[in-house]
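Take a look at the structure below.
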Amino acid sequence: MSSNVAGLAIEARLTSNPLDVIPDEIPFDVPYGRPISLYRAEAVIHAAVAEAKKRNWKMNVAVADSGGNLVAFQRMDGAMLASIQIAEHKARAAVTFRRPTKVFEDGINLMHLNYLLAFDGIIASRGGIPLIDQGDIIGAIGCSGGTDSQDEVVSKAGAAVINQPRQGTNDADLEKA
């Protein structure tokens, strides 16, 4: 009887693995669209920098296009030099993997999915957010220079320029996008 209990315990652990869940749809299945224009990339950066200035944070802000190529970059006065590459990396990872980089941070820190670190181009740090225009990814913003939570606040301010809800959608539709 004790071997049966042990078997049930092992089975319970195996079935409680969140990676065993089979979703009905592919997560983050947002199509790539036309690349963001320089004009719009600069508007995203302007909004992000305005948020950082309001809070007296020194940031590096990068915008990549839908192919992961750098379109625009701004380093605020006094922003950490090491964060230049990190901001670019966050933008590239967010667009390449079609999801905010916070997903990777959570995957490693909360779910202990350390294998994520083996994927080329991953950065497990908040501050990279895809830019989605009318249902298509046109690029991504990446911010670095503060804590991960500060980087995310600044990225969200920049992303808000592009990531506007589509007319006639509800919250459930937006979560799928």
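Below, each value reflects all heavy atoms present in this structure, side chains not excepted, and no hydrogens, waters or symmetry copies. On a predicted model such as this, the values are computed, not experimentally measured, just so you know. Numbering starts at 1 and runs along the sequence shown.
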Open item on the list: If the threshold is 4.0 Å, N to carboxylate O, is there a salt bridge linking Lys102 and Asp148?
Closed with: no
Task: Electrostatic pair Arg34:Asp133 at N-O distance under 4.0 angstrom - done: no
Taking all atoms of both residues into account, what is the closest heavy-atom pair of [X] and [Y], and its distance?
| X | Y | result |
| --- | --- | --- |
| Pro130 | Ala94 | CG-O, 3.6 Å |
| Cys143 | Val154 | SG-CG1, 3.6 Å |
| Leu116 | Ile122 | O-CG1, 3.4 Å |
| Ala43 | Val161 | O-CG2, 3.9 Å |
| Ile141 | Ala159 | CG2-CB, 4.2 Å |

Rounded to the nearest 0.5 Å, how far does [atom2] of [Y] lie from [atom1] of [X]?
| X | Y | atom1 | atom2 | answer |
| --- | --- | --- | --- | --- |
| Ile36 | Leu131 | CD1 | CG | 5.0 Å |
| Asn114 | Asn109 | CG | CG | 9.0 Å |
| Trp57 | Met76 | CH2 | CE | 11.0 Å |
| Leu38 | Ile45 | CG | CD1 | 8.5 Å |
| Ile137 | Thr96 | CD1 | OG1 | 9.5 Å |

Task: Side-chain H-bond candidate by donor/acceptor type, Asn60 with Ser144, under 3.5 Å - done: no
Does any non-hydrogen side-chain atom of [Y] lie less than 4.5 Å from one of [X]?
| X | Y | result |
| --- | --- | --- |
| Arg126 | Pro100 | no |
| Asp65 | Ile138 | no |
| Met59 | Asp151 | yes |
| His89 | Thr101 | no |
| Met111 | Asp106 | no |

TODO: Kindly state each residue pair satisfying ring pair (Phe, Tyr, Trp, His ring centres under 6.0 Å) with at least one member in residues 102-135, sequence neighbours excluded.
DONE: Phe97-Phe104, Tyr115-Phe119
TODO: State plainly whether one hydrophobic cluster holds both Val71 and Val49, where clusters connect Ile, Leu, Val, Met, Phe, Trp and Tyr through side-chain heavy atoms under 4.5 angstrom apart.
DONE: yes
- [ ] Using the side chain to side chain donor-acceptor pair (under 3.5 Å) rule, collect all pairs that involve residues 70-81, keeping only residues at least two apart or in two chains.
- [x] none
Open item on the list: Whether the side chain of Tyr32 engages the backbone of Gly139 through a donor-acceptor N/O pair (distance < 3.5 Å, no angle test) should be reported.
Closed with: no
Open item on the list: Can you confirm whether Leu110 is buried at CG, in the sense that more than 12 heavy atoms of other residues, nucleotides or ligands lie under 6.0 Å from that atom?
Closed with: yes
